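Lettering of chains follows the sequences in order, A, B, ..., and the numbering in each one begins at 1. Just the heavy atoms: all of them, side chains too, but no hydrogens, waters or symmetry mates, feed the values below. Treat the numbers as computed from the prediction; the structure is a model and nothing was measured.
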Amino acid sequence: MEQRRLFKGKRTRTPVGDAIVRLSGVSKRYAGGTLALNDVSFEVRAGEFFSLLGPSGCGKTTLLRILAGFEEPDSGRVEIAGADARGLPPYRRPVNMVFQNYALFPHMNVFANVAFGLRMKQVPEDELRQRVAWALELVDIEQLAQRRPHELSGGQRQRVALARALVNEPEVLLLDEPLGALDYKLRKQLQVELMNLQEELGITFVYVTHDQEEALVMSDRIAVMRAGRIEQLDFPEAIYERPATAFVAQFLGTSNLIQAAYAGERLLQTPLGKLRVARPVKIGERYLISIRPEKIRLSREPIHHENTVRVRVDDIIYTGAENQYLLEAAGTELVAYTLNSDIQEPGFEEFDYDEYVYAHLPAENLVVIDEPA
Amino acid sequence: MNRPSWRRLLATVAPGAFWLVVFSLLPTLLILYASFLQRGPHGWLSGPLTLANYARFFGISSSGFDPLYLNILGRSFLLGVVTTVAVVLLGYPFAFFIARSRHKNLLLLLVVLPFWTNFLIRVYAWIVIFQRRGVINAFLSYLHLPTLHLYPSWTAVYVGTIYTYLPFLILPLYASVEKVDWTLLEAAYDLGAGRVRGFWHAVFPQTLPGLVAGVLLVFIPALGTFVISDLLGAGKAILIGNVIQQQFGGSRDWAFGSAAAFVLMALVLLGLWLYARRAGESGMGELL
Amino acid sequence: MSGRRLLTLHGVLVLLFLYLPIAVIVVLSFNASKYGVQWHGFTLKWYAALLGHARIHGYVTNSLIIATSSTLIATILGTLLALGIHRYRFFGRGGLLFLLYVPVVIPDIVMGVSLLLFFAWAQNYLRALHLGLGTVIVAHVTFQIAYVTLVVKSRLAGLDPSLEEAAADLGATSWRRFWKVTFPLVWPGIAAAALLAFTLSLDDFVITFFTAGPGSTTLPIYIYSSVKRGVTPEVHAVSTLMILVTTLALLGVQRASNRR
C-alpha cells in the first residue's frame, strides 16, 4: 500500500502491516450466562480490511463493541494502536464506528452529524468546515449537507454514517453490518465503494458481517466465528479453498461433506468408495472430506479411473449462470455445479433426470478435515 | 444497562424518590396506622390501637351483624360494574367508528375535548338536564307530557358516571384499535371463519390491551367517586367515596374514614396486582 | 341496515351523548333568564358580571399559581426520575416503579384523604405544612410526578440506544451526550408531560378539595361550592370560558404535533 490520502495528506500513526489491534484471551459472558466470547485471540494489521464473519449470535458484534468500548471484556487483554484499552471509555479511543442502523442523530442535519465528532474535540470552526467538506466529498454527498436524516434514502444515510466516522480519521474504523439494510444492487455498489475508500485512505477496517459473499469479496483477511470462538482466520481464498472445519466449509458457500476413514497413506475410505487425497492421513483417525460443487466434473464416460464415482441425477436446478445437479450414489448426496456458458468448454455436456453419469472428484480439490473425536 | 455511580443516582433518582416516599408512601402508611386508632378529643386521633373501625366497617358488633357499610361498598361495586359494562357497550364500537372513519383526527379531537373539559362542569351539566325544570322536563312539558323526577336520583348518578368515564375507555381502546392488523381478519375469512367468529378470533384479541387498560381507567375511579353521587344524588346516593369524605369532613371520625379508605385502596391494589401479574411492567404502561 | 351504517349511527349517537351536556352549558351561558332553562333571549351580561367579580379573579389566580409551580417542580423531578430509572438498575427500582403507579391508579379520594391526614399530622407534631396554597402545590406535585415520569420514561424507551453510543464513539462525554443528543430528542416528551401535568393540576378537584385551606380556593373548588349552593348563571359563563380555553389549547397542541 502506498501513499495514504487522509485529510491534507496526513498519515495514521501505526506503520502498515504492524498489529494495530491485538486481542489476547478475550472472554465475555453476558448477565444471562451466555458465553459471548470464549478466549479469543488475534491481531489486526494496520491498513488491512479485516472481516469478522459468522452467523448471528456468534459473538462478532460483541467483539466489535468491545473494540469500540461499549462493553468491557471479563478477561483478556485488548490493545488498540499500541495502548492497553482496558477501562478506556468509548470517547477516548482512537476508533470510530459505523452502526448497523446508522444511528444518525435525527435532530441534526447531515453537516451537524458529520461535524459532531470534531465539535467534541473542539476543532476550530474553520478547520471543522474544511474537514466536514472533505468527508462529504469523500462519500459523494456534498449536496446533502443541509438535509435531515429522515429526508435521506438508505444508501445516503449509509454514506453519512461513513463520513461521520471517517472525518475523525480513526486509527481503526469499525463497521457493524453496514450494508445489511440495503437492497442487493445498492449493496453490491457500496461494497466496491467501501473497498476503494479503504484502499485509498489506508485506514484499518474491522468489518462485521454475516454475509459470506460480502466478506470474501471485500476482505484482506477473514476471521470466521462460531459460538464465541474463531474457527479459522486466513485470507479469503484460503478460507474458501481450504476450510479448516466442517462449519467453515458449510458456512462459506456450499460444500459436499463426506465421512471418511483411513485406507492408505493418501487414501480414504468413504461411502462413495476409496478416494485419493493430496495429504497423508493417519490410521485410526476419522476425517471429513469437503469438496466444492463447482470442483466436481461430470461426464457420461469416465475420464479418470481414480476418484470417479457413478452417480444418478436426482434433480436439476437451473439458476441462469449455472446448472446445479443433485446427485445420489450409495445413499450419499452430492451437489455439483456446471457453468451454463455459450462458449462451452471441451467435454461440456448436459444431463437428464435419472441419468447415470460419472462424477470425478479431483484429489487436489478434496479438502481433508480432521474430525474432532 | 450501567451500574450507576452513587453520585449519578443521587442526582437523578434521589429527589423524586424522596418526594414519593415522603408524600405518597408515608401518607399511605399513615392511613393504615390511623385506621387502627380512635377518634380523640377535638376530632383528632388517639390510641390505643384497636380493630373497632374495621369491625364497624364490616358490620360486626356486640349487637349483631349490621351490613350498612358493606351494602354501601356493594353499591359502589355495582356502580363500577354497571358503568364499565355500559361504557364498553358505548365505547367499543365507537373506537372502531373512529379508526375506520376518514376524519380520524377530528373525531379523536371530539373525544379528547370532553375528556379535558373540567369534570365538575360535565357533572353539573347533567343537573341542568335532569332537574325539575331542566332540559328534559322542559321538552316533555312542551310536548304536553307529564314531567319526570330525574334529579336527584340514582339514575342521574349512573348516567353522570357513565358520561364522565366514557372518554377514559375510548382513548386507550382507540390506541389498540388503530394498530389492528386487518389482514388477520382477511386470513380468518380465507380460512373459513364467518363474520362473528372472524372478528372474535382475529380482531378482538388485538384490541384486548387497550380494552383492559380502558376498563381499569373506568372501573377504579367509578368505584371511588364521591363527587358524582354527591352532586347528582344530592346527598341521597351514598357510596363508599361519600362515606370517606363525610368522615374526613363533617362527622370527623378520621380513624373510621381511614379504615374505609384503606379497604377501598386494598381492593383496588388487589385487582391491579392480579392484572399486573399477567401483564408485567409494560402492561402497566398501557394504562397511560 | 349494513354493519357499516349501524356503526356510523352508533357513532353519531355517542357523539350526541358526549356533546349534549356541553352544548347545554354553552347555550345557557348566553341565556338572559337567571333561573331554569327557558330561553329568554341572548345576553352577554353573565360574562360582563365575571369581569367585575374580584373573587373569581382570585380563584383563577390561585389555580394558575398552583398549576405553574407544581408543574415546574414535577417536570424537573419527574424527568430526572425517568432518566435514572431508564438508565440504571439499582436496589429498590421495582419498589420505586410501584410507588410511581400508586398515584396513577388509586382512587383520587384515597390520595386526597391520606395527604390531608399527613398534613394534619405534620401540623400537629412538626408545626409545619399548614393547609394553604403550599399544601395544594405539594399534593399536585405528588400525582404529577408519576405522570411526568411515566411519559418521559416511555419516550426514553423509544429512543434508539445506539444514538448515545454513537455520540460516545464520536468523543462525547456523558454530560455532553445528554445535552447534545438525549435531551434534544426527549424534549418533546418532556414538553408533552409538562402540558399533561399542567392540565391535570388545573382540572383537579378531589385532591385539592382535601388539601386546600383558607385562601387557596381554586376554580374547580369554586364551581363545586356554587353547584352545592344552587348555581348562579356566572358558573355557566365560567364553564364556557373553561371549555373554550381547553378547545384552544387542544387545537394548539394538535397543530404543533402535526407540524412535527
Side-chain angles (χ1 to χ4, degrees), chain A residues 31 61 64-71 88-109 112-123 128 132 135 148-150 157 160-170 172-178 181, chain C residues 75 79 82-97 151-195 253 255-260:
Chain A
T61 297
L64 202 69
R65 291 173 60 83
I66 284 177
L67 291 179
F70 303 139
E71 317 262 358
L88 210 59
Y91 50 87
R92 285 174 46 204
R93 293 186 179 213
V95 302
N96 283 112
M97 177 127 155
V98 175
F99 288 79
Q100 189 169 13
N101 58 359
Y102 317 137
L104 300 181
F105 304 125
H107 57 300
M108 298 180 194
N109 64 19
N113 262 286
V114 176
F116 190 90
L118 301 177
R119 290 228 159 100
M120 291 301 120
K121 278 182 228 141
Q122 280 152 0
V123 171
L128 178 141
V132 172
R148 290 287 184 100
H150 66 90
R157 284 179 204 181
V160 178
L162 207 54
R164 186 177 70 172
L166 284 173
V167 76
N168 304 291
E169 297 171 358
V172 181
L173 185 72
L174 309 171
L175 302 103
D176 186 7
E177 309 225 9
Chain C
T75 305
T79 302
L83 272 172
I85 289 175
H86 176 74
R87 284 203 181 164
Y88 308 126
R89 293 282 175 276
F90 50 89
F91 175 77
R93 186 176 177 273
L96 194 58
L97 275 173
V151 169
V152 176
K153 182 171 154 273
S154 80
R155 177 90 193 180
L156 281 167
L159 218 60
D160 179 356
S162 63
L163 290 176
E164 276 219 25
E165 286 179 354
D169 182 63
L170 294 167
T173 56
S174 71
W175 179 252
R176 304 179 82 181
R177 277 204 298 279
F178 178 75
W179 287 111
K180 295 275 176 192
V181 177
T182 312
F183 185 75
L185 291 173
V186 179
W187 169 241
I190 297 174
L195 194 68
V253 169
R255 278 193 56 175
S257 61
N258 278 355
R259 221 179 307 137
R260 222 162 258 296

Contacting moiety of Arg164(A), where chain C heavy atoms sit under 4.5 Å: both
Check Ala172(C) against Tyr91(A) and note the closest heavy-atom contact, atom names and distance. O-CD2, 3.3 Å
Spacing of CE belonging to Met120(A) relative to OG1 belonging to Thr173(C), to within rounding of 0.5 Å: 7.5 Å
If every non-hydrogen atom of Phe99(A) is compared with every non-hydrogen atom of Ser162(C), which pair is closest and at what distance? CD2-CB, 3.8 Å
Applying ring pair (Phe, Tyr, Trp, His ring centres under 6.0 Å), name anything that partners Phe105(A), two or more places apart in sequence or on another chain. Phe116(A)
Region of Asp160(C) that comes under 4.5 Å of a non-hydrogen atom in chain A: side chain
Largest heavy-atom contact set with chain C, pairs under 4.5 Å, which of Asn168(A), Val98(A), Asn101(A): Asn101(A)
For residues 175-184 of chain C against chain A, heavy atoms under 4.5 Å, the residues are Arg176(C), Arg177(C), Lys180(C), Val181(C), Pro184(C)
Test side-chain contact (heavy atoms from CB on, under 4.5 Å) on Arg65(A) and Glu165(C); report intermediate values, then the result. CA-CA 10 Å; Arg65(A) 291 173 60 83; Glu165(C) 286 179 354; 2.6 Å; yes
Part of Leu118(A) within contact of chain C (heavy atom distance under 4.5 Å): neither
Which atoms of Asn96(A) come close to chain C, meaning under 4.5 Å heavy atom to heavy atom: side chain ones, backbone ones, both, or neither? both
If you count heavy-atom pairs under 4.5 Å between each of Met97(A), Arg93(A), Gln100(A) and chain C, which one has the most? Met97(A)
Nearest 0.5 Å, please: how far is NE2 in His107(A) from CG in Leu163(C)? 8.5 Å
